[in-house]
Amino acid sequence: MGERRRRLLVANWKMHFVRAQALEYLKIFTERVRNITKTELVLAPPFTLLETVGRELQKTQMKLAAQNLFYERQGAFTGEISPVMLKDLGCQYVIVGHSERRRLFGETDEIINKKLRAALDAQITPILCVGETLEERRITKRVLEAQIRGALHTPSPPSPLPSEGEGSRGVRGLQEGGRGVRSGEGQGEVGVRGVRHSLDLAEDLVIAYEPVWAIGTGVNAAPPEAEASALFIREVLAQLCSIEIAQKIRILYGGSVTPANFEGFLQQPNIDGALVGGASLDPEAFAQLAQMAERLSEPS
Ligand code: PGA
């Protein structure tokens with residue numbers, strides 16, 4: 001089954017901190033995680049802090065992430081930030097489709113798809129967030145599958161042979177031909193080929209399973225429940241690309257992760273780390289999470 005995926009811990013600071021606070025945080029945090037080599041540590045500060053934090057992180061092994069991006073490279077898009085700009089600041093990751101963006105800022109799967117592809121184009125690794133709301137809890141799998149397929153779908157190039165009644169050919173290719181596809185199969189399907197294309201870089205894709213009802217609520221998913229969703233996500237990825245690639249993609253859990261519950265998640269075979277909001281605002285707590293991940297990592 002190959003080697004274990006490298007553990008990954010991402011701090012999502014959301015809309016918190018100004019420069020002095022960020023520098024203070026980093027002073028404490030970098031000291032506490034000096035010994036960490038096996039676990040990958042990533043900080044996602046707000047846009048305004050990317051340069052300040054990025055400069056500090058360059059002195060460490062840690063990496064920089066943005067919390068969002070716009071999908072155009074440049075142009076008249078007042079207030080937006082492009083992948084090129086993020087790359088210029090040294091961002092290696094970008095969070096895409098966080099539930100707060102879906103819910104508060106109207107991001108649809110279509111927008112998320114554009115953002116994800118723009119990130120991949122700029123060689124920034126997207127951390128794609130998926131997860132069900134409380135009302136959707138009975139149909140979690142259906143929601144996750146739709147979000148993943150929506151985000152990873154590559155629109156087909158215009159077909160020279162439009163057949164009647166096939167308005168959504170690319171999507172249909174995904175829904176039918178994509179199911180059960182294993183490596184080497186289904187190459188002829190328009191939709192599948194599209195997805196395969198975008199997943200050429202799939203080893204550079206991260207998925208964060210974040211049940212919306214667990215985000216910022218203090219109510220985390222039970223680790224076995226999160227594991228079931230992570231396994232399901234991996235199965236969907238295997239259908240969309242190949243088992244080999246699906247095995248390499250890291251899947252994080254997010255939603256009220258704290259030092260008190262993190263170990264339960266780390267013990268799950270399909271969960272490779274966490275996307276942390278609240279607990280990442282405290283450098284001591286976030287360093288504790290990093291140490292836990294490191295302790296449970298296999299020797300490198
Ligand atoms: P939380 O946030 O850890 O505060 O629940 C997680 C997230 O929104 O990514």
Side-chain angles (χ1 to χ4, degrees), residues 7-17 21-22 25 29 39-47 49-50 53 62-69 91-107 112 115-116 119 125-134 136-137 140 143-144 147-148 151 205-223 225-227 229-230 233 250-266 268 271-293:
R7 289 194 201 278
L8 171 63
L9 195 56
V10 184
N12 177 8
W13 285 0
K14 306 193 180 180
M15 198 174 72
H16 292 279
F17 299 158
Q21 291 170 305
Y25 179 108
F29 185 65
T39 304
E40 191 175 351
L41 298 177
V42 177
L43 300 186
F47 288 132
L49 293 174
L50 284 174
V53 171
M62 293 185 265
K63 294 178 182 152
L64 185 67
Q67 298 174 15
N68 183 28
L69 80 167
C91 289
Q92 295 188 46
Y93 289 91
V94 59
I95 297 171
V96 177
H98 190 280
S99 68
E100 283 151 19
R101 298 222 51 93
R102 293 179 192 256
R103 188 167 46 90
L104 303 172
F105 302 97
E107 286 195 13
I112 290 163
K115 291 188 170 189
L116 186 131
T125 302
I127 300 169
L128 169 67
C129 300
V130 295
E132 79 286 0
T133 62
L134 196 55
E136 293 166 338
R137 230 173 141 175
T140 296
V143 171
L144 296 179
Q147 289 177 342
I148 294 167
L205 170 71
V206 173
I207 302 222
Y209 169 58
E210 298 207 303
V212 180
W213 48 269
I215 295 177
T217 58
V219 182
N220 58 284
E225 189 185 347
E227 165 64 16
S229 291
I233 289 168
R250 288 178 293 179
I251 300 177
L252 311 179
Y253 167 77
S256 299
V257 168
T258 66
N261 61 33
F262 190 36
E263 195 157 330
F265 294 104
L266 286 170
Q268 307 302 322
I271 296 177
D272 305 307
L275 176 55
V276 186
S280 80
L281 296 178
D282 173 358
E284 305 276 0
F286 195 57
Q288 255 180 287
L289 296 179
Q291 294 296 348
M292 292 169 88

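Since we're looking at a predicted model, the values are computed, not measured. All ligand and atom numbering here is 1-based and tracks the order in the structure.
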Would Glu40 and Tyr93 count as a side-chain hydrogen bond (donor to acceptor under 3.5 Å, both in side chains) if you check the C-alpha gap in whole Å, the side-chain angles of each, and the deciding distance to 0.1 Å?
CA-CA 12 Å; Glu40 191 175 351; Tyr93 289 91; 2.5 Å; yes

Tell me whether Arg101 is salt-bridged to Glu107, with the criterion being a basic N under 4.0 Å from an acidic carboxylate O.
yes

Tell me, do Ser256 and Val219 make a side-chain contact under 4.5 Å, heavy atoms counted?
no

For Glu225 and Tyr253, which I'm curious about, is there any donor-acceptor pair between the side chains at under 3.5 Å?
no

Check Ile233 against Ile251 and note the closest heavy-atom contact, atom names and distance.
CG2-CD1, 3.7 Å

Protein residues that have a heavy atom under 4.0 Å from any atom of ligand 1, sorted by chain and number
Asn12, Lys14, His98, Glu210, Ala214, Ile215, Gly216, Gly255, Ser256, Leu275, Val276, Gly277, Gly278

Contacts of Pro283 meeting side chain to side chain contact (heavy atoms under 4.5 Å, CB included) (sequence neighbours excluded), chain-then-number -> Tyr25, Ile28, Phe29

